[in-house]
Structures are given as structure tokens and as C-alpha cells.
2 protein chains.
Amino acid sequence: MLPKKTKYAIKALILLAREYKEQRPLKISKIAEAERIPRKFLEAIMVQLRNEGIVESKMGPTGGYTLLKHPEEVMLSTIIRSTGGPIALLPCVSLNFYERCDECVHEETCGLRDVVLEVREASIKILSKTSLADIIKRENKLIKKHNLQ
Amino acid sequence: MLPKKTKYAIKALILLAREYKEQRPLKISKIAEAERIPRKFLEAIMVQLRNEGIVESKMGPTGGYTLLKHPEEVMLSTIIRSTGGPIALLPCVSLNFYERCDECVHEETCGLRDVVLEVREASIKILSKTSLADIIKRENKLIKKHNLQ
DNA sequence: TTTGTATCCTACAAAATTAGTAGTATATTT
DNA sequence: AAATATACTACTAATTTTGTAGGATACAAA
């Protein structure tokens, strides 16, 4: 499962992506309120996203956060990794949180690892082709569909 | 990520599956030793697997655990669920650990949920078609491949 | 140049989850 | 009856997650 931290990060970035055309910084307090994220927690998350080069920050009044890249270029897989969310089901197939199974004698011949590797591949395939822009598109589509019924 | 509990369960069941033709109960101590799983911890896991109807236990000397179904019928997805391992990336798309996002206003129109739903589908597709027998087959194949090089 | 506002940074703390242990009861075979 | 294996109950320890508190720093506007 993804930690809340990762979910919050994605939610916040979706909001920034919606504001992207304006290119006006969004304040943490605004984001926290809109997405119902604990303010202080979001603060820490945003700093992390800045360190990862995903957003830009500006201090002082008129300050806040802006998306650094175009929403079509910010992939879900990138956000998940940047906030420490693991994608793989086991550490032995994780690219970013790799850890050898201490009980496995031969990692290369582990059948479970082989399957879990396949699952990771399938997941990453989806997550690395889905951008913030895609999520917004999906959202608009779902809203339309939902209103029709 | 899957908890160790789930990984240990799968490892233990693979061993039982390898022994399936014999239909002779395997003792916890043997399994724990072979797979390097803490003995007492494995004990608790095996009881859970028995309650879930995956294995059968027999007490006393000559006792131990036996697989209840044919290895081809025991699917990875079943083991994962039986031991409490979540497959989904978020609780709001989990079948067995469902939990509403408290910050989402409309679950049905959440774009992130929509993507994560797709990832879950892809993962389950693989995990629910892979049996213990399949894992053993993969293992044999990997060993052959590994020895040739 | 002061004041207000926003992010930045360090250091915690509470809560939840995971991983594992201890000890005893119960069943079964020899 | 003795030996051996699982079953059950009740903890404990460690780790991770999810936050919070409080002051430092940057910056714009009056």
C-alpha cells in the first residue's frame, strides 16, 4: 500500500496541475484546506517534492508552490518514488527500495520473486505512462459520466 | 508491500506443494529450518492458513501440515488475502481492506482512484492465475537456465 | 525599515502496524 | 504413561507512519 504521504503528494500535485496555466504559486494552507490534508504534514511533503525537483517554492507573501514541469510530463511513478512509496510487492524486486531476502539462498532462481517481478512490471507500465494531466482528464470524464446518470 | 507474514506463508506452502505427491505431513520445525523462518512466528501463520482452509494439520508425533488442495488449485492471490497482505495500492480500491478516503469528496470521480483501480486489476490478473504449481515450474525453469550459464 | 506572511528546518511525539516470543494446553502416537 | 507435535492466549519489541511544535529565514508591501 502507498503511504498517506504519497497520496497527499499526488492530491496536492493534481491541484497544482489544475492551476498550471495561471502559473501563480499556490499556498500550502490553500492546498491543505482544499484537499483536507494536515497542514504541517503537507509542509514537509512539499519540501520533499521541491528537493526532488518536481515543484518550485517561493517564500514570503505572494509565495507558495508551483509545478516545475508541464502536467503531461509529471508521471505518477515519479511522484510515488519521490515520496518513498514502494511499488513492488517485495523488497527483492524493488528498484528503489531493494533489499535482498535474507532467507533466499538463490535470488535468481526464486519462483516467487519471478512472479512478483511480473506484477511490478505490469504496475509500473501503467504508473509510468499516467501523468497528472491524464488524471485530470480521467476526472473530468468521470464527472461527466457521473452527472449523466 | 507484502508483509513478511505473507512471504513466509507462500514459502511454506511452496514447500508443502513440493511434498504433495507424498501426502506426508511436514512438521513446522522442518519448514522453519528449510525456509529460515522464525519457528514460533511460522506456527501462528500455519494456524491461520488452516483456518482459511488452505492446509490441514495433524497433532502429535507423525503430525504436521499437509496441503488441502492440489498445488494447481492454490492461487497466489488466495494466499496473499488469507494472510492479510494487501494487493491494492490504496485502501479505497482494495476488495478486502476497503476503506473510504476520508478526504475524498466524491470517490466515484477521483482520478487517482481510477488509475489505482487499473493497477490493482493488472496485479490481480497475474496473481490469481498463478498457482503454487506454477511457481514450482518457474523455479525449475530458472534453475535449469541458471545452470546452463 | 518595519511588519506581516509564507516557506524552511530541526527536533520531537503519538499512534499504528509488524514481527516475534513465552508459556501452557491439547491432541495423538508409541 | 511418555514423548512429540500442534493450538491457544497473552504479551513484547521494533519499526514505520503520521503527524506536531516552534523558531529561523526569505520576501513583499507599506
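Labels below follow one simple rule: chain letters A, B, ... track the order of the sequence lines, proteins then strands, and each chain is numbered from 1. As a basis for the values below, the full set of heavy atoms in this structure was taken, side chains included, without hydrogen atoms, waters or symmetry mates.
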Handout entry: Closest non-hydrogen atom pair, A/Leu68 against A/Tyr20
Key = O-OH, 4.4 Å
Completion exercise
Regarding the side chain of B/Glu43, the nearest nucleotide among C/dG23, D/dT18, C/dA19 is C/dG23
Completion exercise
Taking C/dC8, D/dC27, D/dG19 as options, the one with an atom nearest any side-chain atom of A/Lys4 is D/dG19
Practice task
Would you mind reading off the distance between A/Asn51 atom CG and C/dT7 atom P, rounded to a whole angstrom?
Solution key: 15 Å
Fill in the blank from the handout: Side-chain contact check for A/Met59: nearest option of C/dA19, C/dG20, C/dA6 is C/dA6
Exercise for the section: Scan side-chain atoms only and decide if A/Ser128 and A/Ser77 contain a donor-acceptor pair under the 3.5 Å cut-off. Expected result: no
Problem - side-chain N/O B/Arg39 vs C/dT21 OP1/OP2, d < 4.0 Å - result: no
Handout entry: d(CZ, A/Arg36; C1', D/dG19) in whole Å
Key = 19 Å
Problem - Candidates C/dG23, D/dG22, D/dG19 - which lies nearest the side chain of A/Phe41 - result: D/dG19
Problem - Spacing between A/Gln48 atom CD and D/dG19 atom C1', to the nearest angstrom - result: 14 Å
Exercise for the section: Evaluate whether atom NE2 of B/His70 has more than 12 neighbouring non-hydrogen atoms of other residues, nucleotides or ligands under 6.0 angstrom away. Expected result: yes
Fill in the blank from the handout: B/Glu99 atom CD is separated from D/dT18 atom P, nearest whole Å, by 11 Å
Practice task
Hey, which sits more toward the 5' end of DNA chain D by its nearest nucleotide, A/Pro86 or B/Pro61?
Solution key: B/Pro61
Handout entry: Residue-phosphate contact under 4.0 Å: B/Lys5 side-chain N/O, C/dT17 OP1/OP2
Key = no
Practice task
May I ask you to verify if any side-chain N or O of A/Thr62 is less than 4.0 angstrom from the OP1 or OP2 atom of C/dA6?
Solution key: no
Practice task
Using atom NZ of A/Lys30 as one end and atom C1' of C/dT7 as the other, report the distance to the nearest whole Å.
Solution key: 17 Å
Problem - Nearest-Å distance for atom pair CG/P, residues A/Leu2 and C/dT17 - result: 16 Å
Handout entry: Nearest-nucleotide pick for A/Tyr65, side chain only, options being C/dC8, C/dT21, D/dG19
Key = C/dC8
Handout entry: For atom CE of B/Met1 and atom P of D/dT15, their distance in whole Å
Key = 17 Å
Exercise for the section: Measure the distance from CD on B/Glu56 to C1' on D/dA7 and round it to the nearest whole Å. Expected result: 16 Å
Practice task
Determine whether more than 12 heavy atoms belonging to other residues, nucleotides or ligands lie under 6.0 Å from atom CZ of A/Arg100.
Solution key: yes
Practice task
Check every strand shown and say whether A/Lys40 touches a base, only sugar-phosphate, or nothing at a heavy-atom separation below 4.0 Å.
Solution key: base
Practice task
Report yes if a side-chain nitrogen or oxygen of B/Arg50 is closer than 4.0 Å to either non-bridging phosphate oxygen (OP1 or OP2) of D/dT6; otherwise report no.
Solution key: no
Handout entry: Residue-phosphate contact under 4.0 Å: A/Tyr8 side-chain N/O, D/dG19 OP1/OP2
Key = yes
Practice task
Could you work out which one of D/dA7, C/dC8, D/dA5 sits closest to the side chain of B/Lys27?
Solution key: D/dA5
Practice task
Kindly say whether A/Ser82 contributes a backbone atom to a donor-acceptor pair with the side chain of A/Gln48 at under 3.5 angstrom?
Solution key: yes
Practice task
Evaluate whether atom CD of A/Glu121 has more than 12 neighbouring non-hydrogen atoms of other residues, nucleotides or ligands under 6.0 angstrom away.
Solution key: yes
